[in-house]
Amino acid sequence: MPCPFPGMDPYLESPTVWSAFHQNLAAALYHAVLPGLADRYRARIGSRDYATELALFTSVVREPHTEPFVEIRQRTDNRLVTLVDFVSPANRTTAVGKGAYLDTRMEALNQRAAVVEIDLVTQGTPPLDFDRSQLPDHQYTVTVTRGTAPHKHQVYAAVLAKRLPPFKLPLATDDRDTVIDLQVAFTRAYDAADFARKIDYAADLPADVILPDEEKAWAVDLLNRVKHK
């Protein structure tokens, strides 16, 4: 069964499925990137590892996190050209997660690499701090930052009720961008993990998902219509 939502599925923010979705989305983006790469490049999946701590009564519970990302490198000298990274709930809700995410980003920018941030999370606050007041209404974003202009951001905004946007993925400065269809990659990730069978769409949205009331009402109506088809 296909995903009932036309774009991002807010049920994927649930802690029980997010990690699997993150892994599968990174793999799907890796495969989406490959056809647009010339022989001068190679792509690989990397990851960062850290742990968050939660005080629970008289003990502290450590939760390990492994977060994959996609790197595009020059084949000749292994220089990082582009980092494609994915914001997780922990990156938006914990200081340790935000710090780990920003460290990965800064390391790439220090090498004058481009960074593509894919943020499909509503809870917490975005790890990147810049003025978003001129953006249209949105729940999700793809933010492209070029290594030659690290303080400028090209933002692709999306709402729950519409498809996720295609975006331009920068390569070397003497090469043309390649276009990635994020919705196609999302669908591949969703289908690969068979989330349609793993998610209970009769249940309420995960408690941590932050959506405007009209978007929540739209989601409930959509799922009711899908259920009665």
Side-chain angles (χ1 to χ4, degrees), residues 8 22-23 25-50 65-88 90-92 95-121 124-136 138 140-158 164-186 189:
M8 175 58 181
H22 195 153
Q23 296 283 342
L25 184 60
L29 257 293
Y30 167 81
H31 287 289
V33 163
L34 290 180
L37 295 185
D39 289 343
R40 66 185 289 191
Y41 305 109
R42 67 180 183 89
R44 65 180 291 273
I45 296 178
S47 67
R48 63 179 157 266
D49 297 284
Y50 63 94
H65 297 267
T66 297
E67 296 174 346
F69 48 77
V70 177
E71 293 181 335
I72 300 170
R73 292 181 175 271
Q74 291 274 19
R75 192 176 293 275
T76 53
D77 58 7
N78 203 40
R79 182 177 66 84
L80 181 65
V81 175
T82 309
L83 168 70
V84 183
D85 208 346
F86 311 88
V87 177
S88 75
N91 301 150
R92 290 182 59 126
V96 174
K98 177 180 178 179
Y101 173 85
L102 292 177
D103 284 349
T104 304
R105 176 183 178 85
M106 185 55 62
E107 183 178 348
L109 291 174
N110 285 342
Q111 299 176 61
R112 297 182 63 81
V115 179
V116 176
E117 175 195 271
I118 297 175
D119 189 349
L120 303 181
V121 179
T125 57
L128 290 188
D129 183 15
F130 64 88
D131 182 15
R132 300 166 189 264
S133 61
Q134 301 304 311
L135 293 179
H138 64 279
Y140 311 109
T141 56
V142 177
T143 302
V144 178
T145 307
R146 297 174 187 270
T148 53
H151 301 296
K152 293 183 179 180
H153 311 292
Q154 181 180 10
V155 183
Y156 300 81
L164 294 170
F167 63 90
K168 290 183 178 180
L169 185 145
L171 297 171
T173 54
D174 61 344
D175 207 348
R176 292 183 300 176
D177 297 347
T178 185
V179 177
I180 302 298
D181 191 324
L182 182 55
Q183 189 62 53
V184 170
F186 171 88

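Remember, it's a predicted structure, so these values are computed and weren't measured experimentally.
Summarising the geometry of Leu80 relative to Ala108, their closest heavy-atom pair is CD2-CB, 3.7 Å, with the distance given to 0.1 Å. Listed here is the closest heavy atom pair of Ala185 and Leu29: CB-CD2, 3.4 Å. Pairing each heavy atom of Val179 with each of Pro166, the nearest pair is CG1-CB, 4.2 Å. Residues Arg42 and Arg44 share a closest heavy-atom pair of NH1-CD, 3.7 Å. Among all heavy-atom pairs drawn from Asp119 and Pro127, the shortest one is OD2-CD, 4.4 Å. Closest heavy-atom contact between Arg105 and Thr145: NH2-OG1, 2.9 Å.
Put simply, CG on Leu83 and CD on Glu117 are 10.0 Å apart, with the number rounded to the nearest 0.5 Å. Between the NE2 atom of His151 and the CG atom of Leu109 there is a distance of 8.5 Å, given to the nearest 0.5 Å. Annotation: the span from Thr178 atom OG1 to Leu34 atom CG amounts to 10.5 Å, rounded to 0.5 Å. Note: Arg40 CZ to Leu171 CG = 8.0 Å, rounded to the nearest 0.5 Å. Atoms OG and CD, from Ser47 and Glu71 in turn, are 9.5 Å apart once rounded to the nearest 0.5 Å. Rounded to the nearest 0.5 Å, atoms CD1 (Ile118) and OG1 (Thr141) are 9.5 Å apart.
More than 12 heavy atoms of other residues, nucleotides or ligands shown are found within 6.0 angstrom of CD on Gln74.
Looking only at side-chain heavy atoms (C-beta outward), Val84 and Ile180 stay at 4.5 Å or farther from each other. In this structure, the side chains of Tyr156 and Leu182 stay at 4.5 Å or more apart for every pair of heavy atoms.
Remark: side-chain polar atoms of Arg75 are paired, donor with acceptor, to backbone N or O of Asp39 under 3.5 angstrom. In this structure, Tyr50 contributes its side chain and Glu67 its backbone to no donor-acceptor pair below 3.5 Å. Between the side chain of Arg146 and the main chain of Pro170, no donor-acceptor pair closer than 3.5 Å is present. Here the side chain of Gln183 pairs a donor or acceptor atom with the backbone of Leu164 at under 3.5 angstrom. Remark: side-chain polar atoms of Tyr41 are paired, donor with acceptor, to backbone N or O of Ala172 under 3.5 angstrom. Checking side-chain atoms of Asn91 against main-chain N and O of Gly97 turns up a donor-acceptor pair under 3.5 Å.
Taking 4.0 Å as the cut-off between side-chain N and carboxylate O, Asp103 and Arg48 do not count as a salt-bridged pair. Using a 4.0 Å cut-off between a side-chain N of Lys or Arg and a carboxylate O of Asp or Glu, Lys98 and Asp129 do not qualify as a salt bridge.
The aromatic rings of Phe86 and His22 lie perpendicular to each other, with more than 60° between the two planes, well past the 30° mark.
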**Request:** Apply side chain to side chain contact (heavy atoms under 4.5 Å, CB included) to the pair Val144 and Asp177, showing each step before the final yes or no.
**Result:** CA-CA 11 Å; Val144 178; Asp177 297 347; over 6 Å; no
